[in-house]
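Predicted, not measured: the structure shown is a model, and the values here were computed from it.
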Amino acid sequence: MRIIYFVFFMQLSSLANALVFPIDLNDFYSDLEVIVSVDGVSAEFSENIDRSGTVLENNPLSGNPKVILPSPGTTLSFEYDFFEATNNDDGFDATLFNAVTNESLETYFTDTSDSGAIEFDLSPYTGDTLGLIFGLISFDSSTGSLLRINDLNLQVVPIPSSFILFLSAIPFLFRRKIISL
């Protein structure tokens, strides 16, 4: 009987796995120095000597589609590779912002060559209209630094409904009945 309970709860726990929804980077505004892959999974930034920064931005109030949808249990994640060229003074910035108030909500910044994965918790911003901007920022007049953004995703961890909680109690109800017989 314990094996049946174990299998049941293992099946129930599988419902709690995160659902992943990829975000198409082609839905973002991009400077000419940003090349977005045809499938929208990645974007490559290069420096322009005539500008202080190169951006890839999604702002629903500027006409971009609303792709960042905050809700309880939702995170926004992406991977990045930032290469700062020798003798350069550059940086990489990713900022999640409230598109209505233009308030910065979450920011990641580095000014040294680095790569990794970043995750922003969207739960506190449920109901807000959000935007996201990635920037390769140049603090000098040299070029050569590169930035790559990959796999921008919304991850939703389902919150169990009361029905699922009720279903989880059924084996215990039957167990009680069997014992009382």
List in chain and number order the residues that pass side-chain hydrogen bond (donor to acceptor under 3.5 Å, both in side chains) with [X], two or more places apart in sequence or in another chain; answer none if no residue qualifies.
| X | answer |
| --- | --- |
| Q155 | T75 |
| S71 | T74 |
| N58 | none |

Inset, instruction - Compute whether any side-chain donor of one residue and acceptor of the other, for N153 and D151, lie under 3.5 angstrom apart. - result: no

Inset, instruction - Using only heavy-atom distances, determine whether the side chains of D128 and T126 contain a donor-acceptor pair under 3.5 Å. - result: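 Side chains of D128 and T126: no pair found under 3.5 Å.
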
Legend entry - Close aromatic pair by centroid cut-off 6.0 Å: F120 and Y108: no

Inset, instruction - Could I get the full list of side chain to side chain contact (heavy atoms under 4.5 Å, CB included) partners for N102, not counting sequence neighbours? - result: F97

Legend entry - Pairing residues for N150 by the side chain to side chain contact (heavy atoms under 4.5 Å, CB included) criterion, not counting sequence neighbours: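 Scan of N150 (side chain to side chain contact (heavy atoms under 4.5 Å, CB included), adjacent residues dropped) gives S42, E79, D81, R148.
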
Legend entry - Positive for side chain to side chain donor-acceptor pair (under 3.5 Å) with S145, one of T86, D89, D90: D90

Could you see if [X] belongs to whatever hydrophobic cluster contains [Y]? Use Ile, Leu, Val, Met, Phe, Trp, Tyr and a side-chain cutoff under 4.5 Å.
| X | Y | value |
| --- | --- | --- |
| V100 | I133 | no |
| I118 | F21 | yes |
| L146 | V55 | no |
| F78 | L105 | yes |

Inset, instruction - I would like to know whether F45 and F92 meet ring pair (Phe, Tyr, Trp, His ring centres under 6.0 Å); could you show each step before the answer? - result: CA-CA 10 Å; F45 298 60; F92 158 54; 7.6 Å; no

Legend entry - Co-members of the apolar cluster containing F139 [side chain, <4.5 Å]: F109, I137

